[in-house]
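Structure, as structure tokens:
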Amino acid sequence: MARMPDIRNIVILTGAGISAESGIDTFRGAGGLWENHRVEDVATPEAFARDPELVLRFYDMRREAIQAKHPNPAHVALARLDAEWRGGLLIVTQNVDDLHERAGAKRVLHMHGEHLNAWCTACDVRSQWRGPLIADSSGGRPPCPACGACALRPDVVWFGEMPYRLDEIYAALRRADLFVSIGTSGAVYPAAGFVRDARELGARTLELNLERSQGSAWFDESRLGPAGELVPAWVEEVLDARAA
Ligand code: APR
């Protein structure tokens, strides 16, 4: 197993748990309900086809809510690592909030899309989007800034859809000496399988999570506790070991 000074390339996978201390709900809390909706009722293409207003309203609420939240010490610590780590580093996030970026991280890949983008299903262009996507009082949905069609949807990967930029993620996993998973339950593939892939490709594997994730057995080491404490301590350790 690689010692810290042997580590050059790091891949970090983050999930909803890293944003929990910023006040953003995780998905698999009590009873699998998410703001009183089952995930399948709002996070599938079928749900959108069946009841677009329900789905748009749900994502409008989430989009509005995240803009009032702030990065926590875990986001800040990863941004520091990103700034100071001279080797390869990729923060693959399943989160659709922008808290990694607001903390200052640059090497971030949103594999499940972003709340602050809208995707036009007519022209396929993604546009930055902060306001609502639901129809206004006159009944019209907002037009796409690129083509004018009223065919915008949240730029969020739903169940049954392909996550973004998997080629880049697997290329980074092939190079990784260390794979770290933070705040994710390990319930949703393909992200849940990254630990096995990384391990089989020779990386050391570490999880930082409130409780053991579903794939916990695949990690060389599990540290249990809140991300706001574990992540800054781990980053300090990595940067100190490099300096030693
Ligand atoms: N610090 C660290 N971990 C935490 C904290 C915290 N403060 N609070 C909660 N956790 C842990 C939980 O114990 C759980 O294991 O974070 C994990 C969150 O799990 P999920 O809610 O399942 O979130 P995530 O793994 O990101 O979900 C994956 O599911 O619905 C989809 O697309 C959605 O990206 C999402 C995907």
Side-chain angles (χ1 to χ4, degrees), residues 11-48 55 58-59 61-63 65-66 69-78 91-100 103 108-117 119 153-166 169 179-196 206-219 221-235:
V11 174
I12 299 168
L13 174 69
T14 67
I18 198 168
S19 294
E21 287 156 79
S22 294
I24 299 177
D25 292 340
T26 60
F27 295 88
R28 289 170 190 81
L33 292 175
W34 195 37
E35 284 174 5
N36 300 320
H37 295 285
R38 289 188 308 153
V39 170
E40 312 85 76
D41 290 340
V42 286
T44 63
E46 293 77 18
F48 187 53
V55 173
F58 176 77
Y59 282 95
M61 265 165 46
R62 302 285 297 181
R63 192 178 313 103
I66 63 147
K69 309 294 183 193
H70 302 286
N72 68 54
H75 298 105
V76 172
L78 290 189
I91 300 169
V92 178
T93 188
Q94 299 168 88
N95 297 345
V96 292
D97 66 52
D98 62 338
L99 296 183
H100 284 305
V108 181
L109 186 160
H110 283 270
M111 66 178 290
H112 289 167
E114 296 177 61
H115 265 321
L116 298 183
N117 275 350
W119 173 21
R153 60 162 271 185
D155 188 18
V156 166
V157 175
W158 287 326
F159 286 96
E161 296 182 325
M162 189 66 95
Y164 296 157
R165 299 166 65 185
L166 287 176
I169 297 171
F179 172 79
V180 186
S181 170
I182 304 172
T184 176
S185 59
V188 173
Y189 282 81
F194 292 165
V195 58
R196 283 182 68 168
L206 166 68
E207 88 171 327
L208 308 175
N209 208 46
L210 200 54
E211 59 198 356
R212 285 189 175 276
S213 65
Q214 291 185 23
S216 197
W218 292 100
F219 289 92
E221 189 186 351
S222 295
R223 299 184 189 176
L224 304 184
E229 290 172 19
L230 294 183
V231 179
W234 170 71
V235 166

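One-based numbering, in listed order, for ligands and for the atoms of each.
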Pairing residues for Phe179 by the ring-ring contact (aromatic ring centres under 6.0 Å, His included) criterion, not counting sequence neighbours: none
His110 side chain near Tyr164 side chain, heavy-atom distance below 4.5 Å: no
Element-labelled atoms of ligand 1 that are located less than 4.0 Å from some non-hydrogen atom of Gly183: 3 (N), 16 (O), 17 (C), 18 (C)
Heavy-atom check, side chain of Met111 versus side chain of Val157, under 4.5 Å: no
Atom indices of ligand 1 within 4.0 angstrom of Ala16 heavy atoms, with elements: 23 (O), 24 (P), 26 (O)
From the candidates Ile24, Leu210, Leu230, Asn209, the one that places a heavy atom nearest atom 14 (C) of ligand 1: Asn209
For Gly225, atoms of ligand 1 separated by under 4.0 Å from a heavy atom: 1 (N), 2 (C)
Side chain, backbone, both or neither: Gln94 near ligand 1, heavy atoms under 4.0 Å: both
Atom indices of ligand 1 within 4.0 angstrom of His112 heavy atoms, with elements: 32 (O), 34 (O), 35 (C)
Min N/O separation Phe27 to ligand 1 under 3.5 Å: yes
Interfacing atoms of ligand 1 (cut-off 4.0 Å, heavy-atom, Gly17): 1 (N), 2 (C), 3 (N), 4 (C), 5 (C), 6 (C), 7 (N), 9 (C), 10 (N), 16 (O), 18 (C)
Heavy-atom check, side chain of His112 versus side chain of Val156, under 4.5 Å: no
Contact check, side chains of Val55 and Arg153, non-hydrogen atoms, under 4.5 Å: no
Short N or O distance, Ala227 and ligand 1, threshold 3.5 Å exclusive: yes
Residue that, paired with Thr93, satisfies side-chain hydrogen bond (donor to acceptor under 3.5 Å, both in side chains) out of Thr184, Thr14, Asp98: Thr14
Ligand 1 contacted by Trp158 (non-hydrogen, < 4.0 Å): no
Distance-only donor-acceptor check, side chains Ser181 and Glu207, under 3.5 Å: no
Gly15-ligand 1 polar pair, N/O distance under 3.5 Å: no
Ligand-residue contact atoms, ligand 1 with Glu21, heavy atoms, under 4.0 Å: 1 (N), 6 (C), 7 (N)
Member of Leu13, Leu206, Val231 meeting the side chain to side chain contact (heavy atoms under 4.5 Å, CB included) criterion with Ile182: Val231
Flag side-chain contact, heavy atom, 4.5 Å: His75 against Asn72: yes
Residue Pro226 vicinity, atoms of ligand 1 by number, heavy atom under 4.0 Å: 1 (N)
Ala20 and ligand 1 - part of the residue with a heavy-atom distance under 4.0 Å: side chain
Student check: side-chain heavy atoms of Val92 and Phe194 closer than 4.5 Å: yes
Mode of Thr184 contact toward ligand 1 - side chain, backbone, both, neither (heavy atoms, under 4.0 Å): both
Test salt bridge (charged side-chain N to carboxylate O under 4.0 Å, His left out) applied to Arg212 - qualifying residues, sequence neighbours left out: none
Residue-ligand contact Ala187/ligand 1, heavy atom below 4.0 Å: no
Atoms of ligand 1, numbered as shown, that sit under 4.0 Å from any heavy atom of Phe159: 30 (O), 31 (C)
